[in-house]
Every structure is written in C-alpha cells, then in structure tokens.
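Single-structure report; data block below.
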Amino acid sequence: MEISSKYNPTEVEQKWYDYWLEKGFFKGDASRGIAEGKEPYCIVIPPPNVTGVLHMGHMLNNTIQDVMVRRARMQGKEAVWVPGTDHASIATEAKVVAMLKEQGIDKKDLSREQFLKYAWEWKEKYGGIILQQLKKLGASCDWDRTRFTMEPSLSDAVINVFIDLYRKGNIYRGIRMVNWDPLGKTALSDDEVIQKENTAKFYYVKYKLVDADGYITVATVRPETIMGDVAICVNPNDERYKNLIGKKCIVPLVNREVPIIADDYIEIDFGTGALKVTPAHDKNDYAIGQKHGLETIDVLNEDGTISEAAKVFVGMDRFKARKAAADQLESEGLIEKIEEIKNNIGTSERTGAVVEPRLSMQWFLKMEELGKPALENVLNGNIKFHPEKFVNTYKHWMENVKDWCISRQLWWGQRIPAWYNEKGDFVVAKTEAEAIALFKEKNSPFNNIHQDNDVLDTWFSSWLWPISVFDGFENPDGKDINYFYPTQDLVTAPEIIFFWVARMIIAGYEYRKELPFSNVYFTGIVRDKQGRKMSKSLGNSPDPLDLIEKSGADAVRFGMLVCSPAGNDILFDDKYIEQGRNFTNKIWNAFRLVKGFSINENGNDSNQNDTAIKWFQEKLIATKLEVEGLYKQYKMSEALMSIYKLIWDDFCAMYLEMIKPAFGEPIENKTYQRTIEFFEELMQLLHPIMPFITEEIWHGLNNRDANNCIIVSNQKTESRKADESYLQLSDLALDLVAQVRNVRNSKGLSPKEPLKLFAASESLQTLSSFEFIIKKLANIDAFESASTQPANTMPLQVKTATWYLLLPETATSIDKEALQKEIDYLNGFLKSVELKLSNEKFVANAKPELIEKERQKKADAEAKIATLLGQIQEG
RNA sequence: GGGAGUUUAGCUCAGCUGGUUCAGAGCAUCUGCCUUACAAGCAGAGGGUCACUGGUUCGAACCCAGUAACUCCCA
C-alpha cells in the first residue's frame with residue numbers, strides 16, 4: 001500500500017466529519033441509554049450569540065467540551081452534547097438597528113412588528129453561522145437537538161417562569177436607580193457596565209445662603225445636574241458647617257431655595273465637605289433623598305438631553321449642557337475654582353456610551369431566598385468548580401446578591417407578560433384575554449389595555465437552558481429531561497459566573513429541585529502572546545477558520561489545549577499549532593512505518609521482542625491511569641502532554657526502534673499484531689483531543705466494518721496497575737543506552753560503529769532480559785563480564801552498578817575532571833545526609849520510613865564515591 | 001476603597017497533606033547527525049538565589065507576616 005508521506009488534514013477531516021454525521025454517531029438517545037443500561041453523560045453548550053462568529057475563545061471552550069463528550073462516548077456512556085444559540089437581545093438588536101440604518105431605515109419609524117420582522121429575517125439569514133463553524137472544529141454535537149433561546153417553546157417557558165415567579169411574589173415592579181444607556185435607550189445591569197478611568201473637571205460652585213451673607217461652596221463634576229438639586233448635605237460633625245445646618249441656600253441657574261441638611265454619609269475631607277444632593281442622577285444621592293424625604297427632579301430625558309423639568313438648557317445634550325452650565329456659572333461669578341480630578345465613569349458594554357444613573361420603572365427578581373440553595377450546594381461541594389478558587393468569588397457574590405433587574409427597553413426578546421389599563425393598574429398574564437379576565441376580577445377597567453413594551457433580559461432565558469433544551473418546562477416528566485438532567489459538566493468562561501452559571505444553579509433548584517450540572521470547568525481568557533485580550537479592534541485575533549484551513553483542526557485543537565492550564569488565561573501563539581501539526585506528522589509517519597512492515601507469517605516467532613512488548617505494555621498502562629487521573633482533575637493540558645510523550649517518546653522513539661526489523665527483513669507476526677494493538681490503543685487515547693487523524697489511522701490499521709469507528713469504540717479500562725518495579729528496571733536499561741549515546745556524542749563516535757560493554761556478572765544478570773534492546777538501541781555488539789575495569793574502557797554509572805564501555809584507542813582518555821566533579825557533588829550530598837542523620841531532632845521527629853530512606857541514600861552515595869575514586873586512581 | 005488571585009528556566013506552565021538528588025515538563029536555544037517512517041526529523045547538552053525581606057521548623061518552592069509588581073471581580 002502506498003501512503004502519502006505527508007498527512008493531509010483538510011481532506012481527511014471533511015471525510016470523517018461527514019461520515020460521523022451520516023452514521024448518526026453524535027446522537028444521544030435516552031431510550032437507547034435506558035434499554036442498554038448506559039450511564040447518561042450530557043453537556044449543554046453555552047449558547048453563543050446567534051449573530052456571533054467563531055473566535056478563539058469559542059475554539060478553546062468548544063474543544064474542551066468536545067474532548068469531554070468524546071471521552072464519555074468512548075467510555076460507553078450515552079453521551080450527548082446539546083448545541084444551540086442565544087438570541088442575545090442587546091447585541092442582536094444593535095446589529096439589526098445598524099443594518100437598517102445602512103439601508104436608510106430608522107428604527108423609530110418602524111412599528112414593533114415591522115422591526116421584529118426585519119430582525120427575524122436577519123436571524124434566519126445570518127444566525128447560526130457559528131454552529132456551522134463549530135463543525136469545522138470537529139464538534140460532535142447532536143445537531144438534531146439544536147435549540148434557540150427565542151424559539152417558540154423556549155420563549156413559552158420563559159414567559160411561564162416569569163408568571164410563576166410573579167405569582168410566588170418573587171418578581172416586583174419598582175422605581176430604581178438603574179444604569180441607563182442613553183444611546184441604546186435601555187437599562188443595563190451592573191455587570192454590563194464597564195468602569196473606565198477618566199479625567200474630569202471638578203467645579204467648585206458657590207450656592208448663596210438665604211437669610212445670611214455669603215455662600216456655601218460645593219464641588220461637583222456634573223454642573224449640568226444642578227437644576228435637579230434638592231438639598232445641600234454636610235457632615236453633622238463638620239465644624240465649618242455646623243451653624244448652617246437647617247438653613248437654606250439658593251441653587252444657582254434656577255434660583256430655587258433648598259435646605260442644608262446633615263448626614264454621616266458625607267466625607268468631611270472630600271471636596272469642600274458639602275455635597276449637592278441630586279436624587280434623580282446619583283445612586284448615593286438617591287439614597288440620601290429617600291432617607292430625608294426629599295423630592296426628586298429628573299432633569300434628563302431618556303436620550304441624555306436636558307428635560308423640561310430642568311427649566312433651563314432644555315433639549316440640550318448632557319455634555320453640551322455641562323459646558324453651558326459651567327460657562328454661565330463662571331459668568332455669574334459663582335465658580336470659585338476648577339480642579340482636575342481622576343474618577344471612574346461607567347460605560348455601556350454594548351454601545352460605549354457613558355452610563356447615566358437614572359430613575360426608572362423596572363421589573364426585578366428577588367434573589368436572596370432563591371439564591372440560598374444555590375449557594376449552599378456549591379459550598380458543600382455538590383456542585384464542583386474547577387479550579388476551586390472560583391468558589392470564593394461565587395460565595396462573595398451570592399452572599400451579597402442584589403435583586404436582578406430583568407427588564408430591558410428593547411424589542412428583540414421575550415416581551416414582558418404584563419398588561420396595563422388606562423388607570424395604570426397592571427396584571428401579569430400570558431394573553432390579552434387572560435389579562436382582561438384578571439382585570440375583571442379586580443373590578444378594574446379593561447378597555448384599551450396594552451402590554452408592557454419591554455422585553456426580558458437575555459439571561460432570563462439562558463438561565464433556564466439546561467432544563468429548557470430538554471423541554472423540561474413543557475413536559476417536566478419527559479424521557480429526555482428525566483434521563484439527561486442533571487447534566488455532568490459545564491464548560492464556560494469565568495466572566496459569566498454570575499450572569500449565567502449562578503442563575504442556572506438557582507433555576508435548577510427552583511424548577512427541578514436539583515443541581516443543573518455537577519461540575520463547572522472555567523476556562524481562561526484567550527490572549528495574544530503579549531498578554532493582550534484578543535479583540536477585533538486590536539486585530540490580534542486570528543480567524544480560527546484560517547488556522548484550521550492551514551494546519552488542520554487536530555493541530556488547532558492540540559494548540560489550544562497544550563497551552564491552557566485550567567482557569568488561567570491562555571497566551572496563544574501560533575507556535576502551539578505548529579507543534580500540533582508536527583505531532584500529526586509524527587503520528588502519520590509512525591503509521592507509515594508500521595504499515596510498511598512486511599510480515600513473516602510462516603516463520604517461528606522468537607522471544608526477542610518480548611521485553612519490548614512487555615515494557616511498552618507497562619508504560620501504556622501507567623500512562624493511561626495517569627491520564628485518567630488528570631482528566632478527573634480537569635487538567636486537560638497535562639493529560640495531553642502525557643499522551644504526547646507516550647506517543648512521541650515512548651512509542652515512536654523507543655518502542656518502534658526496539659522492534660523495527662533490520663533493513664529488508666520482515667517483522668515477526670506476533671510482534672506485528674501486538675504493535676497494531678498498541679497503536680490502536682494509542683489512537684483511542686488521543687482520539688478525544690485529535691479526532692480526525694486518529695479515526696483515519698484507526699481505519700488504516702485494520703479492515704473494519706462500516707460502523708466500527710474509533711469515535712464509538714469502547715476504550716478498554718485497565719483492571720490492574722502498571723508493574724512499577726519492571727518499569728524501574730527498564731529505566732536502568734534505557735539509562736545505560738542514553739549514556740552510551742552520550743559518550744558517542746561527546747567523543748564524536750559514529751552511531752554506526754558497534755561498541756562493546758562490560759560489567760560485573762550480577763549487573764549483566766540484572767539487565768539480561770534487556771540485552772537485545774540495549775544492543776540494538778546503543779549499537780553494542782558484545783555484552784561481556786568483567787570483575788575489574790578492562791583497559792581502554794570508560795566507566796558508566798547506572799545507579800549503583802558500574803558498566804564499562806570499550807572505546808577505540810583514539811577516544812580512551814578519561815575525563816578526570818568530570819569524575820572529580822561527580823565525586824565532589826556526591827560528597828556534598830553525603831554531607832547533607834549525614835548532617836540530617838546526626839541531627840538528634842531529625843531522628844526523633846521524622847517518620848521511621850524516612851530515616852530508613854536517608855540511611856539507604858547514605859550507603860548508596862558511599863558506594864558510588866568508592867567506585868569513582870577507584871576509577872580516578874586507575875585512570 | 002473592598003475582595004480574590006498570580007509571581008518557579010528565554011517562553012508557557014507542573015510541583016498533592018513541608019522530607020527521594022526536589023528544583024521538573026513542553027517549547028525555544030546550543031552541539032553533532034540527510035541513520036533505509038518522519039529535517040515538520042534523530043541523538044545528546046546547557047539553562048533557575050522558586051519575586052523580595054523576615055519568621056516558624058531538625059528541615060521551606062511549599063506554612064506565617066510584611067514588601068513589591070501584575071491580573072481579575074466588586075464599589
């Protein structure tokens with residue numbers, strides 16, 4: 001058979017992905033699982049934004065999920081990975097608005113229905129591209145189960161949950177100071193606000209006192225809100241102002257009288273120690289206003305312009321008004337001074353606009369009670385976080401959880417099922433008819449009722465995701481929800497631990513009385529090699545599809561995983577993908593070698609390769625168990641590294657060299673069969689990480705039935721531990737080989753020139769079973785017994801045994817310096833051991849085994865020094 | 001301002017409850033090789049005062065305190 005010398009990923013990957021799809025290997029089936037008594041395994045995808053395109057973060061996240069689900073499948077579980085997308089109300093609406101703008105259409109000119117029609121069209125056309133891209137990565141999602149958070153049944157669940165929580169008294173409507181985005185004209189949750197450092201002008205403004213001469217000076221960065229001032233507040237202990245408390249002063253620009261009040265909240269040292277209280281435009285001021293029963297004057301409109309209530313600068317943009325107000329104050333001589341200060345300003349994550357604290361009527365979900373089981377079950381370990389450090393973050397947030405503002409002033413999303421009548425009364429109901437019935441019950445008017453204009457926060461649908469993808473709300477006792485829920489692993493970014501993870505846990509306990517998943521694996525943020533976050537604006541994010549195109553999905557998956565320690569950010573560099581590509585090439589060539597063997601099927605098999613086979617068998621078992629343990633701890637990159645070394649170093653560099661027949665010779669049948677088996681096991685071990693090349697080789701190693709694919713093969717679990725003492729023994733043999741090679745290198749001897757080895761007969765005896773291997777790998781042509789050092793040999797120290805390598809005369813000079821160095825080192829070591837042993841406290845406190853070990857070390861070192869000293873004298 | 005985390009080789013990271021010569025891995029680097037699967041390779045080698053200062057201990061990369069730098073979350 002002719003096999004191309006270079007591996008061609010593009011062709012192979014497309015072929016196998018199509019084949020897997022055609023065979024339905026990605027499907028999870030509850031009925032089958034139950035019938036066959038299989039353990040369920042389920043991951044729900046963190047639904048990407050429906051309008052999104054694949055970026056490096058998705059690559060990492062989804063590679064990890066695919067590794068997990070493929071492993072589960074090979075462990076014989078009924079595995080399913082449920083895909084889907086999120087309607088992402090703010091992001092999607094912003095994109096649709098922008099798209100309409102390009103076409104010359106203004107959202108304001110459209111009715112809600114017209115706008116939604118455009119939005120749906122847009123979603124149908126561009127939505128879900130990201131899922132197609134995931135296929136290129138090899139994602140083994142059960143595509144038939146693809147869900148969308150705004151599809152009818154999921155929206156229905158959202159509305160029902162809203163109504164349910166409202167009836168239980170968990171949802172309320174209230175005036176709140178919210179983060180207002182004047183550009184998007186919507187409220188934002190705290191988490192959608194990004195704080196940015198800023199330099200601002202700090203205006204010291206004089207407020208004239210009433211019934212007294214003079215002024216009280218107030219420092220502010222927001223003179224445009226002066227029209228909304230309702231009081232001046234000072235600290236009751238501030239000596240400067242004590243006599244002014246209870247008096248009045250005049251708000252400039254609008255000449256309104258306001259009281260001077262006192263509150264502990266005021267910091268005496270900040271600014272002038274006097275604060276202008278503007279309840280409508282500052283959270284803290286609002287709190288003071290509430291406490292002191294002050295009115296609120298809202299001087300801003302929803303688009304950030306000055307409102308009628310301000311009486312001056314009406315209609316002017318807030319930033320222009322700031323300048324105008326400052327100018328006017330200046331001209332009236334009311335500005336004492338202007339300083340520059342550094343402060344933080346909140347900006348909208350989506351639109352970038354400076355966020356305005358604003359009073360508005362919003363819907364809230366009470367979180368404290370609902371959050372209790374969610375906190376408890378993370379703290380007690382029922383739900384595990386990997387890495388564990390995120391438990392702290394979670395705890396802190398949950399213990400201080402605030403009510404969740406769930407309304408958004410948008411159209412794209414689930415419309416809040418609340419209905420208002422002319423009187424301003426409202427009821428919560430699924431349909432207009434039900435609403436009318438409810439109004440009737442209340443004896444409230446029900447003509448011309450209208451539905452709330454707002455939609456629900458996107459997270460109010462995604463928090464139901466693990467339940468809703470199995471139709472757990474429509475059909476709470478359905479087969480799928482009963483079988484697959486709770487799910488096992490959730491893989492997501494730490495950034496959304498509160499937005500999403502915490503809330504899913506809450507919903508899980510509220511609606512299923514059960515955890516939604518047992519483990520949460522938090523990936524890091526993908527950064528470039530300089531540590532910068534990957535972003536479009538920096539242009540430092542490679543297009544994942546280009547990378548796949550260039551090096552193959554297997555190489556990209558390798559590259560993502562090899563540098564991704566759990567929970568730490570990953571510094572991505574193309575060189576990791578290159579390493580992955582090199583690895584595929586290495587495997588491919590090992591495959592070519594093995595397939596190139598001619599097999600001696602008739603000859604009598606010897607025992608010469610038994611040692612090599614036994615050695616690799618033990619190595620394989622040891623590594624499989626190690627990898628298993630690493631996966632259990634969610635240490636993906638370490639698991640990968642173990643497999644990498646097993647294949648490259650142990651299998652290719654050692655094992656294949658051990659059993660490789662001489663040029664032109666056939667390989668013994670027994671050896672060949674075992675080698676194929678080993679290769680198959682290695683491919684199974686690697687398959688979750690590099691699915692394509694492993695499938696390709698799986699089919700190349702043996703003729704298989706159409707359904708016999710590695711993806712659905714069962715990986716044998718090891719029933720015993722590796723023979724450690726055998727592995728230790730083999731390490732001695734391999735150490736000897738390495739030392740011979742090292743001497744060749746340093747003496748400039750060709751690997752082709754055979755050399756002879758001598759050793760004491762018991763040393764020869766110890767490694768007798770490895771004789772064939774040592775001779776082959778180190779190119780030794782004789783193994784001879786010698787009780788003392790033969791002439792022209794170089795001693796090699798293998799643990800406590802000394803071996804002698806016979807060298808050509810030109811290379812026999814002994815490196816006394818190196819020997820002396822070794823002796824000095826051992827002496828130093830010996831001293832430290834002796835010191836320990838002569839230390840009474842050590843002998844008294846340390847464990848007996850430890851002391852025994854130290855004694856053994858001492859004896860070994862003494863023996864080594866003796867032989868080395870002997871050599872130096874003889875030489 | 002509050003909270004959490006990080007700091008180990010040129011780079012990215014392991015190092016479990018202090019005790020094996022414990023200072024490790026991969027990549028990169030250097031040396032020698034076109035050895036009949038693979039130069040995307042083979043055989044070797046050299047790299048570190050474990051951020052700093054002090055403490056606890058018979059013994060510290062690991063525990064404690066302080067300092068510095070960086071990162072993230074919340075105000």
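Chain letters run A, B, ... following the sequence lines, proteins first and then strands; every chain starts at 1.
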Inset, instruction - Look at all strands and tell whether E753(A) reaches a base, only sugar-phosphate, or nothing, counting heavy atoms closer than 4.0 Å. - result: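 No contact.
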Inset, instruction - Using a 4.0 Å heavy-atom cut-off across all strands, classify K645(A) as base, sugar-phosphate, or nothing. - result: sugar-phosphate
Expressed as a whole number of Å, how far does the [atom1] atom of [N] sit from that of [M]?
N	M	atom1	result
C22(B)	G15(B)	C1'	9 Å
G5(B)	A9(B)	P	22 Å
U17(B)	U35(B)	P	49 Å

Under a 3.5 Å cut-off for both contacts, is [N] paired Watson-Crick or G-U wobble with anything, and if yes, with which nucleotide?
N	answer
U29(B)	A45(B)
U71(B)	A4(B)
G59(B)	none
G66(B)	C52(B)
U36(B)	none

Per [X] side chain, nearest of listed nucleotides [options]:
X	options	answer
N745(A)	G15(B), G32(B), A37(B)	G32(B)
E638(A)	G44(B), A14(B), U36(B)	A14(B)
K575(A)	A37(B), U36(B), C11(B)	C11(B)

Legend entry - Sidechain N-carboxylate O distance under 4.0 Å for E578(A), K575(A):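 Judged by the 4.0 Å cut-off on N to carboxylate O distance, E578(A) and K575(A) do not form a salt bridge.
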Inset, instruction - Give me the one residue out of K624(A), E626(A), K635(A) that meets side-chain hydrogen bond (donor to acceptor under 3.5 Å, both in side chains) with S642(A). - result: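 Going through K624(A), E626(A), K635(A) one by one, the side-chain hydrogen bond (donor to acceptor under 3.5 Å, both in side chains) with S642(A) is satisfied by E626(A) alone.
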Inset, instruction - Grab the two heavy atoms, one from L275(A) and one from I288(A), that are nearest each other, plus how far apart they are. - result: CD2-CD1, 3.9 Å
Legend entry - Distance below 4.0 Å between W397(A) side-chain N/O and G2(B) OP1 or OP2: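 Answer no for this pair, as no side-chain N or O of W397(A) is under 4.0 Å from OP1 or OP2.
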Inset, instruction - State whether N589(A) places a side-chain N or O below 4.0 Å from either non-bridging phosphate oxygen (OP1 or OP2) of A40(B). - result: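 Looking at the OP1 and OP2 atoms of A40(B), neither is under 4.0 Å from any side-chain N or O of N589(A).
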